Undergrad: 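So that we are looking at the same thing, I have put the structure below in structure tokens.
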Number of protein chains: 2
Amino acid sequence: MAAAARVLHQQGVERTTIADIAHAAGVPVGNVYYYFKTKDALVQAALAEHSGHLAELTGELDKLPSPLERLKALVGLWVGQRDVAARYGCPTGTLAVELDKRAEGGMDLEAGRVIRLLLDWVERQFRELGLSDPDNLALTLVGAYQGMSLLANALRDPEIMTREGSRLIRWLDSLPDDGTGHRNS
Amino acid sequence: MAAAARVLHQQGVERTTIADIAHAAGVPVGNVYYYFKTKDALVQAALAEHSGHLAELTGELDKLPSPLERLKALVGLWVGQRDVAARYGCPTGTLAVELDKRAEGGMDLEAGRVIRLLLDWVERQFRELGLSDPDNLALTLVGAYQGMSLLANALRDPEIMTREGSRLIRWLDSLPDDGTGHRNS
DNA sequence: GTCTATAATGCGATAGAC
DNA sequence: GTCTATCGCATTATAGAC
């Protein structure tokens with residue numbers, strides 16, 4: 001599953017063959033089909049990997065004391081992945097684009113579910129900050145991440161992540177917050 | 001070329017066969033190969049279509065008197081395309097994601113060139129407004145567009161375009177501007 | 001459960017009649 | 001320049017020995 005997630009991210013769903021994944025995992029082709037009946041099942045396994053990785057990540061961030069620190073740390077993690085993003089794009093975002101075109105078995109919405117998990121977590125942070133319209137703020141932050149990842153990838157320029165990341169940090173710092181964790185703007 | 005651009009956007013590059021494009025254009029398969037030697041040549045033709053469409057669009061916007069009006073009209077056009085974006089994503093953005101994975105003939109950077117055209121035009125508007133860091137502002141605006149298109153597509157929710165569009169309009173209006181068209185912030 | 005060999009299919013590309 | 005028929009190949013998926 002880890003090999004599937006990695007190779008599918010780098011090569012894309014359509015250009016990746018089962019043989020590619022089998023090779024990356026160090027097993028023969030037929031063996032893969034023993035555990036995953038179809039290629040789509042492998043794609044779903046990759047999605048589960050991304051979902052698990054996200055849960056792990058937010059779990060770590062939740063240890064930070066304030067919601068603002070958590071959001072800023074999240075942006076820091078994004079920028080830290082700038083070279084991967086510039087080369088292959090956001091794993092979940094590019095997968096969402098590919099699955100939308102794939103249009104079989106109604107799997108085109110499953111990547112959206114992983115993105116929804118991130119949106120919900122971010123929205124929770126904004127809500128804890130006492131800000132109004134936390135759902136719109138989450139949309140803005142996650143949208144900015146997907147946008148800067150796509151641009152960095154399309155232009156092959158990791159510095160885009162750095163520049164936009166800095167702006168997002170300043171934006172987060174500029175949001176109204178009295179330090180109590182309860183605030184309406 | 002128009003049929004290629006349309007079908008490639010809707011079905012994706014890898015899932016679209018030459019037969020699909022030939023059918024959409026109302027010509028037999030072999031005929032397509034008389035004008036386009038390979039499938040990649042068709043993809044490049046589609047990119048040229050997008051590039052031409054963009055030039056046409058900015059040409060219209062350039063008729064508006066002020067840069068701020070032009071940018072706000074651009075956002076309005078994006079929101080006006082919300083149903084298409086929610087169903088198939090931004091034509092150029094999704095193509096950039098797909099071509100990055102395709103990785104053949106060095107065509108993976110050509111979608112980036114079209115996006116660069118948009119970035120440059122937007123940057124020019126910000127520069128005319130006299131704002132500092134017009135390149136970063138362009139990155140923010142175009143990045144927001146790509147991000148909201150991807151989210152709208154992944155979640156199949158055109159309203160995301162409306163909500164983020166409204167925010168972008170407010171953001172543009174909040175930028176420092178004295179009405180002379182020359183200003184540093 | 002592991003692995004090899006192969007069947008079945010779909011697609012890019014071409015040949016060649018008209 | 002238009003169109004039909006087909007080749008060659010890559011890939012998903014399976015059969016079946018071990």
Side-chain angles (χ1 to χ4, degrees), chain A residues 1-50 88 91 94-111, chain B residues 1-50 88 91 94-111:
Chain A
M1 286 174 65
R6 187 175 61 252
V7 177
L8 286 174
H9 176 214
Q10 292 175 356
Q11 306 190 351
V13 176
E14 305 294 341
R15 302 291 279 197
T16 297
T17 68
I18 311 290
D20 288 336
I21 295 174
H23 179 76
V27 297
V29 193
N31 208 335
V32 173
Y33 276 101
Y34 181 77
Y35 292 97
F36 304 93
K37 304 197 197 314
T38 68
K39 183 175 180 178
D40 281 345
L42 265 173
V43 173
Q44 271 179 323
L47 266 172
E49 280 283 305
H50 291 309
Y88 303 113
T94 58
L95 201 49
V97 171
E98 292 191 271
L99 293 188
D100 168 59
K101 312 296 185 189
R102 210 143 203 266
E104 267 168 34
M107 209 174 51
D108 46 338
L109 302 173
E110 305 228 355
Chain B
M1 286 173 65
R6 187 175 60 252
V7 178
L8 286 175
H9 176 214
Q10 293 175 355
Q11 305 190 353
V13 176
E14 307 294 341
R15 302 291 279 199
T16 298
T17 69
I18 311 289
D20 287 337
I21 295 174
H23 179 76
V27 298
V29 193
N31 209 333
V32 173
Y33 276 102
Y34 181 78
Y35 292 97
F36 304 94
K37 303 199 197 313
T38 67
K39 183 175 180 177
D40 281 344
L42 265 174
V43 174
Q44 272 179 323
L47 267 172
E49 280 282 307
H50 291 308
Y88 303 113
T94 57
L95 201 49
V97 171
E98 292 190 271
L99 292 187
D100 169 59
K101 312 295 185 191
R102 210 146 203 265
E104 266 168 33
M107 211 173 51
D108 46 338
L109 302 172
E110 305 228 354

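What you see is a predicted model, and the numbers here were worked out from it, not measured in a lab. Throughout, protein chains are lettered first and strands after them, A, B, ... in sequence-line order, and every chain is numbered starting at 1.
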Undergrad: Charged N to carboxylate O below 4.0 Å: is that the case for A/R102 and A/D40?
TA: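 A/D40 and A/R102: salt-bridged.
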
Undergrad: Where along residues 14-41 of chain B does a heavy atom come under 4.0 Å from DNA chain C, residue by residue in number order?
TA: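 When residues 14-41 of chain B is checked for heavy atoms under 4.0 Å from DNA chain C, the hits, listed by number, are B/T16, B/T17, B/I18, B/Y33, B/T38, B/K39.
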
Undergrad: With A/Y88, which residues qualify under ring-ring contact (aromatic ring centres under 6.0 Å, His included), at least two apart?
TA: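 ring-ring contact (aromatic ring centres under 6.0 Å, His included) list for A/Y88, sorted by chain: A/H9.
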
Undergrad: Could you tell me whether the side chain of A/K101 and the main chain of B/T16 form a donor-acceptor pair under 3.5 Å?
TA: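 Looks like no, no N/O pair under 3.5 Å.
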
Undergrad: Are any side-chain N or O atoms of B/E98 and backbone N or O atoms of B/V13, one a donor and one an acceptor, separated by less than 3.5 Å?
TA: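 Side chain of B/E98 to backbone of B/V13: a pair is present.
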
Undergrad: For B/Y33, which residues count as a ring-ring contact (aromatic ring centres under 6.0 Å, His included) partner, sequence neighbours excluded?
TA: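 Testing B/Y33 for ring-ring contact (aromatic ring centres under 6.0 Å, His included), a comparison that skips the adjacent residues, returns none.
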
